[in-house]
Amino acid sequence: MATPAPLLKFIDQNADKFVDRLAEAVAIPSVSTSAARRPDVFKMSAWLDAQLKDLGVITKLADIGKHEMEGQELALPPIILGRVGADPKKKTILVYGHYDVQPAEKDDGWDSEPFKLVVDEETGRLVGRGSSDDKGPILGWLNVLEAHKALGLELPVNLRFCFEGMEENASQGIDDLIKSEVAKGKDGWFDGIDCVCITDTYWLNARTPCLTYGLRGIVYFKVTVSGPAWDLHSGGFGRVVHEPMTDLIRLMDKLVDPDGTILIPGVEEMVAAADTEERAIYERLDYSLQDVEAAVGAPITISDDKAAVLMGRMRMPSLSLHGIEGAFSGPGGKTVIPACVTGHFSLRIVPPQTPEAIDALVRKHLEAEFAKLKSKNKLKIENAGSGRPWAADYKHWNYEAATRATEAIYGHSPDLTREGGSIPVTLTFAENLGVNVLLLPMGRGDDGAHSTNEKLDRSNFIEGSKLFGTYLYEVAARAT
């Protein structure tokens with residue numbers, strides 16, 4: 001089913017209007033991690049709800065309760081559920097996004113006020129907090145709805161929307177809501193969903209569109225070694241007592257090699273090597289070792305093999321050491337023996353690994369290594385949080401539709417990528433709905449989503465809106 005030419009033309013002709021609407025959204029400082037900004041998150045939910053209703057979407061503001069933050073009991077922002085169309089002959093797509101944003105203050109290093117959208121006419125950049133993450137992509141869907149309404153066009157698919165206001169604050173409440181709606185069956189908002197499209201992600205670089213089909217999970221650990229009742233002077237007690245720092249350094253040295261190999265028995269063995277077909281995906285990616293070096297500011301890649309480096313980022317587990325708590329770290333010298341030190345490290349994990357399996361292997365390994373030290377100090381291992389990995393079938397018709405849509409709008413096939421980070425709701429949708437989940441980016445890899453001067457290129461906003469609309473027609477074409 002071809003995308004109607006008037007639809008694409010309408011989006012082009014109304015680009016300025018759409019940018020103005022994005023400016024309205026950016027002007028609402030919907031920072032979910034700040035108690036002081038909580039009223040603004042509610043203001044944003046009301047604004048978005050009104051926009052959806054004006055475009056013919058039936059909505060519900062789902063109350064997900066309260067939580068404790070900054071010593072206060074605060075109401076959680078509502079999850080906006082939306083519905084357009086109920087034709088049993090059409091595919092039904094669930095679209096997910098979030099209307100909350102990261103904190104931002106001008107004195108953080110912004111060149112302009114973060115909650116006032118700046119349109120840079122020379123570069124085409126739309127600079128403002130939330131422009132790319134994730135207000136721009138949400139408004140891309142509104143642009144598609146407005147075009148259909150204005151032109152009197154029938155949507156080629158049924159649409160469902162799920163927009164949350166706590167994504168930047170651990171997505172509190174959304175997992176329970178998804179599960180409760182699914183449990184309602186035909187009376188729930190998610191009944192009859194054929195696939196999910198998440199637009200809270202980005203291109204791998206600033207050149208080439210991509211589709212993301214996998215996300216690594218995470219397991220974060222704290223390992224504490226304690227001994228003396230208080231800090232000691234090294235002149236009086238060096239080589240007299242078992243020192244916690246010495247033990248901890250030895251333990252952390254047994255976690256990972258300089259080449260990235262994880263030393264915990266059983267972890268690497270869980271993941272099968274990539275076959276020829278899968279390796280070819282990484283070899284084709286428009287992302288070079290020079291891109292990696294530019295991103296980190298130094299020529300320090302572990303390997304000169306591009307595919308190996310990219311697989312290390314996307315499809316292989318990794319272990320990173322983050323720091324030591326309780327140790328001396330200030331300027332100057334301090335001849336102290338810390339009484340208690342805590343090492344922080346995490347593993348990024350991939351299917352078929354699970355946090356539970358990794359936790360058991362880590363504990364067994366650290367306990368065995370600590371026993372070898374014959375230390376009289378005490379060891380404590382804590383799991384400080386985890387999230388499971390996810391990977392989708394990129395040969396599914398949902399991905400085929402997105403591929404054809406990308407080719408139609410951008411003129412070439414998208415890269416197929418897996419992200420090193422985590423979006424937990426992706427797995428929640430996949431497991432509870434039992435359908436294919438697609439990550440379809442609008443923004444570029446250099447948007448600086450959580451950084452200062454976050455931006456969304458005007459071309460990505462407008463072409464991305466066309467991409468979303470074309471994707472709907474490509475999905476519909478696969479229903480016939």
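Other residues, nucleotides and ligands contribute more than 12 heavy atoms inside 6.0 Å of the CG atom of D275. With a 6.0 Å radius and a threshold of 12 heavy atoms from other residues, nucleotides or ligands, E382 has its CD atom above the threshold. Within a 6.0 Å radius of NZ in K306, more than 12 heavy atoms belonging to other residues, nucleotides or ligands are found.
When side chains are defined from C-beta on, N436 does not count as touching V196, because their heavy atoms never get closer than 4.5 Å. When side chains are defined from C-beta on, L255 does not count as touching L263, because their heavy atoms never get closer than 4.5 Å. Using a 4.5 Å heavy-atom cutoff, the side chains of W110 and V127 are in contact. In this structure, the side chains of P414 and Y399 stay at 4.5 Å or more apart for every pair of heavy atoms. When side chains are defined from C-beta on, L416 does not count as touching C210, because their heavy atoms never get closer than 4.5 Å. Side-chain contact between K66 and L76 is absent, with no heavy-atom pair separated by less than 4.5 Å.
Here the CZ atom belonging to R348 is positioned 11.5 Å from the CZ atom belonging to R313, to the nearest 0.5 angstrom. Considering CG of D133 and OH of Y202, their distance stands at 3.0 Å, rounded to 0.5 Å. Within the model, atoms CD of E146 and CG of L55 stand 6.0 Å from one another, a figure rounded to the nearest 0.5 Å. Taken from CD1 in I262 to CG in L347, the straight-line distance is 5.0 Å, to the nearest 0.5 Å. Rounding to the nearest 0.5 Å gives a distance of 11.0 Å between OH of Y394 and OG1 of T403. Annotation: the span from L310 atom CG to D415 atom CG amounts to 9.5 Å, rounded to 0.5 Å.
Side-chain atoms of S34 never come within 3.5 Å of backbone atoms of V31 as a donor-acceptor pair (strictly under, hydrogens ignored). K135 places no side-chain N or O within donor-acceptor distance of the main-chain N or O of D100, the cut-off being under 3.5 Å. For D257 (side chain) and G260 (main-chain N/O), no donor-acceptor pair under 3.5 Å exists by modelled atom type. Of the possible polar contacts, one joining the D291 side chain to the S288 backbone as a donor-acceptor pair under 3.5 Å is found. In this structure, the side chain of S180 engages the main chain of L177 through a donor-acceptor pair within 3.5 Å. Between the side chain of N383 and the backbone N or O of G385 there is at least one donor-acceptor pair closer than 3.5 Å.
Looking at residues two or more places apart in sequence or on another chain, you find a side chain to side chain donor-acceptor pair (under 3.5 Å) between T428 and D175. Legend: residues meeting side chain to side chain donor-acceptor pair (under 3.5 Å) with S45, ordered by chain and number and at least two apart, are absent. A search for side chain to side chain donor-acceptor pair (under 3.5 Å) contacts involving Y213 returns nothing, not counting sequence neighbours. For E400, the side chain to side chain donor-acceptor pair (under 3.5 Å) test picks out no residue, with sequence neighbours left out.
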Quiz item: Does the side chain to side chain donor-acceptor pair (under 3.5 Å) test come out yes or no for S346 and S320, once each step is laid out?
Solution: CA-CA 6 Å; S346 70; S320 298; 5.4 Å; no
Practice problem: Could you please spell out the steps behind the side-chain contact (heavy atoms from CB on, under 4.5 Å) verdict for S413 and T406? | Solution: CA-CA 6 Å; S413 297; T406 303; over 6 Å; no
Practice problem: Carefully, step by step, assess N14 and N143 under the rule side-chain contact (heavy atoms from CB on, under 4.5 Å). | Solution: CA-CA 9 Å; N14 288 271; N143 298 343; over 6 Å; no
Self-check item: Derivation and outcome, side chain to side chain donor-acceptor pair (under 3.5 Å), residues H344 and Y220
Solution: CA-CA 8 Å; H344 292 246; Y220 193 105; 3.0 Å; yes
Self-check item: H148/F10 under ring-ring contact (aromatic ring centres under 6.0 Å, His included): CA gap, chis, key distance, verdict
Solution: CA-CA 9 Å; H148 281 84; F10 181 92; 9.6 Å; no
Exercise. List the steps and the verdict of side-chain contact (heavy atoms from CB on, under 4.5 Å) for I423 and L439.
Key: CA-CA 10 Å; I423 306 176; L439 270 60; 4.0 Å; yes
Quiz prompt | Test log, rule side-chain contact (heavy atoms from CB on, under 4.5 Å), inputs I198 and T212 | solution = CA-CA 10 Å; I198 293 176; T212 302; over 6 Å; no
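For residues 163-201, the ring-ring contact (aromatic ring centres under 6.0 Å, His included) pairs, not counting sequence neighbours, are F161-F163. Residues in residues 158-168 take part in these side-chain hydrogen bond (donor to acceptor under 3.5 Å, both in side chains) pairs, two or more places apart or across chains: T92-N158, Y96-E164, H98-E167, Q102-E168, E164-S171, E168-H450.
Cation-pi geometry between R207 and Y287 is not satisfied (NZ or CZ under 6.0 Å from the ring centre, within 45° of the ring normal).
Between R21 and D16 no salt bridge is recorded (no basic side-chain N to carboxylate O distance below 4.0 Å). Salt bridge E154/K90: present, at least one basic N to carboxylate O contact under 4.0 Å. We find that D446 and K455 are joined by a salt bridge, their nearest charged nitrogen and carboxylate oxygen being less than 4.0 Å apart. Between K466 and D12 a salt bridge is recorded (basic side-chain N to carboxylate O distance below 4.0 Å). Taking the charged nitrogens against the carboxylate oxygens, K184 and E181 do have a contact shorter than 4.0 Å, which makes a salt bridge. Note on R444 versus D447: no salt bridge recorded, every NZ/NE/NH1/NH2 to OD/OE distance being 4.0 Å or above. Salt-bridge formation is not detected for the pair K91/E474: no Lys NZ or Arg NE/NH1/NH2 atom is positioned less than 4.0 Å from an Asp or Glu carboxylate oxygen. D40 has no carboxylate O lying under 4.0 Å from a charged side-chain N of R38, or vice versa, which leaves the two without a salt bridge. Between K53 and D49 there is a salt bridge, with a side-chain nitrogen of the basic residue lying less than 4.0 Å from a carboxylate oxygen of the acidic one. A salt bridge is absent between R284 and E278; no separation between the charged side-chain nitrogens and carboxylate oxygens falls under 4.0 Å.
For the pairing with R129, the salt bridge (charged side-chain N to carboxylate O under 4.0 Å, His left out) check across E105, E454, E113 returns one residue only, E454.
Taking the centre of each ring, F345 and F221 come in below the 6.0 Å mark.
Ring-plane geometry between W203 and Y410 is classed as perpendicular, the angle between the planes exceeding 60 degrees on a 0 to 90 degree scale with a lower cut at 30.
Shown here for S132 and P137, the closest heavy-atom pair between the two residues is O-CD, 3.3 Å. Across every non-hydrogen atom of S32 and N169, the tightest pair is O-ND2, 3.1 Å. When all heavy atoms of T199 and D134 are compared, the pair lying nearest together is O-OD1, 3.0 Å.
Remark: the N398 side chain and the Y471 side chain contain an N/O donor-acceptor pair separated by less than 3.5 Å.
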